[in-house]
K.L.:
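Can you read through this structure? Questions will come right after.
Below, all heavy atoms of this structure are taken into account, side chains as well, without hydrogens, waters or symmetry copies. No experiment lies behind these values; they were computed from the predicted model shown.
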Amino acid sequence: MYEADDKMISLIRDNYDLLQSLGRFGISLGFGDKTVSETCEDNGVDTYTFLAVVNFTINGYGDFDVDDQISVQTLMHYLEASHSYYLDFQLPFIRQELQDSLDSGDSLARLILKFYDEYAQEIRRHMTYEERNLFPYVKALLDGKAPTEYSIDTFSRHHKEADKKLRELKLLIIKYLPSDGLHNNKLTATLHDIYDNEEWLRQHAMVEDHIFVPAIKRLERLAKQEDVSKNITAMVFKGGQDNSEALSDREKDVIVGVVQGLLNKEIAERLCISVNTVITHRRNIARKLQIHSPAGLTIYAIVNGLVDISSVKL
């Protein structure tokens, strides 16, 4: 596991594949003998998030706990730069390699290029979806303005169709060995680049699935908690100004029962009313207070003096 005080050059010396990751984090070469933290600070990159991604991709894909130290902004920059690198450079570069390695007049060569174009189209479609839907949602979530009709669970994170096309492409290339030595060497080098490219894309997907998505789910949970807190605060300060929506004494008794952990049947027996009446009271309470959870009612009851905080199990 690499740490903040390690030399950045040590990471590159041990794992040259990290050279591609540096650019996606916005880290330029020429960092000399600076540590990871010094290099990240110079380039405006969150050190903790950088190391989380690096250690995760290097040491395998086991369980990874996303905590509040992960910078979603840094992850966003990393993913956006990864898309730009892949779509604007990597895909066109490999296609040009393929074209230079194959006999343009051969029908099988044209088929290989066709398969590659279908693969590239599938990858472009997936990444374009993220850029048009997922990334704006995450930015809105960070600004506290995320739409309620979307969530990270609707994000399609799998690359199965693209993986299938890439396997077919590699199979065609391996079986298609030109008799010309020069073309054969070019095609072999291109195939090697495709395998490297496949590994890069796999790591990209794993970072999305195991770091980015859990981080966004955590943001969503925090946003929901803030919404509940705002509703409770609003009701506390609203008090009983609106007499038409004021709680009745019986509704307050029902709240006390809920806070004490009683079931509807137990509340009904205590108040000598029917279970249906208890349910009706609870619906009215939820409508008036806009508080639906026992935890929210507990806070309301404590703040408004319906129960003593010492009698509540927290």
Side-chain angles (χ1 to χ4, degrees), residues 65-70 72-73 75 133-157 209-314:
D65 295 326
V66 173
D67 54 34
D68 57 1
Q69 294 186 67
I70 288 289
V72 175
Q73 291 89 340
L75 286 177
N133 297 276
L134 178 63
F135 291 171
Y137 167 74
V138 173
K139 291 176 181 177
L141 189 64
L142 289 170
D143 293 336
K145 303 174 183 178
T148 57
E149 67 274 9
Y150 189 89
S151 74
I152 195 66
D153 288 331
T154 63
F155 164 48
S156 175
R157 303 182 301 275
D209 290 349
H210 291 267
I211 300 181
F212 185 65
V213 170
I216 303 310
K217 286 185 176 181
R218 186 177 183 280
L219 274 183
E220 289 176 337
R221 288 194 299 270
L222 291 175
K224 289 180 180 179
Q225 292 174 3
E226 289 177 2
D227 287 342
V228 171
S229 298
K230 289 178 181 177
N231 287 337
I232 292 173
T233 301
M235 293 310 304
V236 168
F237 284 99
K238 181 179 178 181
Q241 294 176 1
D242 186 356
N243 293 328
S244 64
E245 291 297 299
L247 294 178
S248 67
D249 291 339
R250 183 50 55 91
E251 287 168 344
K252 293 178 181 178
D253 292 336
V254 170
I255 290 178
V256 172
V258 172
V259 170
Q260 293 175 342
L262 300 181
L263 301 175
N264 288 342
K265 181 180 179 182
E266 294 171 325
I267 296 174
E269 292 175 352
R270 171 188 286 186
L271 301 179
C272 299
I273 57 179
S274 68
V275 173
N276 286 338
T277 301
V278 173
I279 294 174
T280 299
H281 283 319
R282 293 191 67 167
R283 288 174 180 168
N284 290 335
I285 291 168
R287 175 180 57 81
K288 292 178 180 181
L289 301 183
Q290 292 298 301
I291 299 175
H292 303 272
S293 67
L297 290 176
T298 299
I299 296 174
Y300 178 87
I302 292 172
V303 172
N304 288 275
L306 301 183
V307 297
D308 188 273
I309 191 170
S310 60
S311 65
V312 178
K313 293 182 180 180
L314 301 176

K.L.:
Rounded to the nearest 0.5 Å, how far apart are CG of L219 and CG of L141?
P.N.:
5.0 Å
K.L.:
Can you name the nearest heavy-atom pair linking H292 to A286, along with the distance?
P.N.:
ND1-CB, 3.5 Å
K.L.:
Find out whether L289 and L247 are in side-chain contact, i.e. whether some heavy atom of one side chain is under 4.5 Å from a heavy atom of the other.
P.N.:
yes
K.L.:
Is there a side-chain contact between L262 and V258 (heavy atoms, below 4.5 Å)?
P.N.:
no
K.L.:
Say whether T277 and T280, considering side chains only, have a donor N or O and an acceptor N or O under 3.5 Å apart.
P.N.:
no
K.L.:
Which atom pair, heavy atoms only, marks the closest approach of I267 to G257?
P.N.:
CD1-C, 3.9 Å
K.L.:
Between Y137 and E220, is there a side-chain heavy-atom distance shorter than 4.5 Å?
P.N.:
yes
K.L.:
Between R282 and E251, does at least one N-O distance fall below 4.0 Å, as a salt bridge requires?
P.N.:
no
K.L.:
Are V278 and L271 packed together at the side-chain level, in the sense that at least one heavy-atom pair is separated by less than 4.5 angstrom?
P.N.:
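Counting from C-beta outward, V278 and L271 never come under 4.5 Å.
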K.L.:
I would like to know whether R250 and I273 meet side chain to side chain contact (heavy atoms under 4.5 Å, CB included); could you show each step before the answer?
P.N.:
CA-CA 10 Å; R250 183 50 55 91; I273 57 179; 3.1 Å; yes
K.L.:
Taking side chain as C-beta onward, heavy atoms only, is R218 less than 4.5 Å from I70?
P.N.:
no
K.L.:
Please assess Q260 against R270 for the test side chain to side chain contact (heavy atoms under 4.5 Å, CB included), listing each intermediate value before the final yes or no.
P.N.:
CA-CA 12 Å; Q260 293 175 342; R270 171 188 286 186; 2.7 Å; yes
K.L.:
Shortest non-hydrogen contact from Q290 to R287?
P.N.:
NE2-O, 3.0 Å
K.L.:
Are the side chain of E266 and the backbone of L263 linked by a donor-acceptor contact shorter than 3.5 Å?
P.N.:
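Indeed, once roles are kept as given, a pair shorter than 3.5 Å links the two residues.
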K.L.:
Which atom names give the shortest non-hydrogen contact between L306 and K252, and what distance separates them?
P.N.:
CD2-CD, 4.0 Å
K.L.:
Measuring only between side-chain heavy atoms, which start at C-beta, is I285 closer than 4.5 Å to I291?
P.N.:
no
K.L.:
What's the separation between atom CG in N276 and atom NE2 in H281, rounded to the nearest 0.5 Å?
P.N.:
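With rounding to 0.5 Å, CG (N276) is 11.5 Å from NE2 (H281).
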K.L.:
Can you find a heavy atom in the side chain of F212 that is under 4.5 Å from one in the side chain of V138?
P.N.:
yes
